[in-house]
Amino acid sequence: MPKKQNRTEAEVHAMIVRDVKIRLGCADFAPDFTLREIRDPMANWDVESVRSVDGWPPDCAQAFKEAVARARRKFDITWQWA
């Protein structure tokens, strides 16, 4: 199994948003979400919270779910603690 690339939290967040906006009809979609560190052998992060999800168009919500799944398979987050 190839090793995942490490990215910062901001980079992963931006990649998810960029990936979602590619979906037809979601170019102006701006999901409001946060990521959190977890202890899981599959990925060291997950989505912590998502705001205003009730107002999301169904296609954009599905694109968000798919983008998160792809990013979790490809990237781990290098957590930076202040």
Side-chain angles (χ1 to χ4, degrees):
M1 182 175 192
K3 185 171 167 75
K4 293 181 183 183
Q5 296 179 28
N6 287 322
R7 299 282 191 238
T8 66
E9 180 180 4
E11 288 173 319
V12 171
H13 193 283
M15 284 181 209
I16 292 169
V17 171
R18 189 171 43 249
D19 200 10
V20 171
K21 288 181 179 237
I22 293 171
R23 178 75 55 100
L24 188 62
C26 299
D28 295 329
F29 182 64
D32 186 9
F33 65 100
T34 58
L35 304 175
R36 67 182 166 108
E37 182 178 17
I38 62 169
R39 307 264 185 246
D40 182 339
M42 300 302 289
N44 75 346
W45 63 274
D46 202 357
V47 174
E48 179 175 28
S49 66
V50 182
R51 287 171 282 292
S52 304
V53 72
D54 293 337
W56 290 8
D59 286 347
C60 299
Q62 183 62 34
F64 177 78
K65 182 179 176 182
E66 293 168 6
V68 168
R70 269 190 301 278
R72 280 180 46 91
R73 284 191 303 270
K74 292 181 179 182
F75 305 106
D76 272 337
I77 292 178
T78 304
W79 293 98
Q80 312 240 338
W81 305 107

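On a predicted model such as this, the values are computed, not experimentally measured, just so you know.
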Quick one: are I77 and L35 in side-chain contact, heavy atoms under 4.5 Å?
->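 I77 vs L35: side chains touch.
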For the residue pair K74 and Q5, establish whether any side-chain heavy-atom pair is separated by less than 4.5 Å.
->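 No - every pair of side-chain heavy atoms lies 4.5 Å or more apart.
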Nearest 0.5 Å, what's the CG-CG distance between N6 and N44?
->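 Taking CG in N6 and CG in N44, the distance rounds to 7.5 Å.
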CZ of F75 to CD1 of I16: how many Å apart, nearest 0.5 Å?
->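 Output value for this atom pair is 10.0 Å.
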Please identify each residue that fulfils salt bridge (charged side-chain N to carboxylate O under 4.0 Å, His left out) with [X], with sequence neighbours left out.
X   : answer
R70 : D19
E66 : R23
R39 : E37

Side chain to side chain donor-acceptor pair (under 3.5 Å) partners of T8, counting only residues at least two apart =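 Applying side chain to side chain donor-acceptor pair (under 3.5 Å) to T8 gives E11.
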Partners passing side chain to side chain donor-acceptor pair (under 3.5 Å) against R72 (at least two apart in sequence or in another chain) =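 With sequence neighbours excluded, R72 shows a side chain to side chain donor-acceptor pair (under 3.5 Å) to no residue whatsoever.
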Residue pairs fulfilling salt bridge (Lys or Arg N to Asp or Glu O under 4.0 Å) with at least one residue in residues 50-61, sequence neighbours excluded |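 Of all non-adjacent pairs touching residues 50-61, those that pass salt bridge (Lys or Arg N to Asp or Glu O under 4.0 Å) are D32-R51.
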How would you list all residue pairs meeting disulfide (SG to SG under 2.5 Å) that involve residues 16-72, not counting sequence neighbours?
->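 Disulfide (SG to SG under 2.5 Å) check on residues 16-72 returns C26-C60.
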Work out which heavy atom in P31 is nearest to a heavy atom in V17; give both atom names and the distance.
->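 Heavy atoms only, the tightest pair is CG-CG2, 4.2 Å.
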Looking at residues at least two apart in the chain, or sitting in another chain, which of them share a side-chain contact (heavy atoms from CB on, under 4.5 Å) with V50?
->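 V50: side-chain contact (heavy atoms from CB on, under 4.5 Å) contacts with F33, V47, V53, W56, F64.
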Tell me, please, which residues at least two apart from W45 pass ring-ring contact (aromatic ring centres under 6.0 Å, His included).
->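 Here no residue qualifies.
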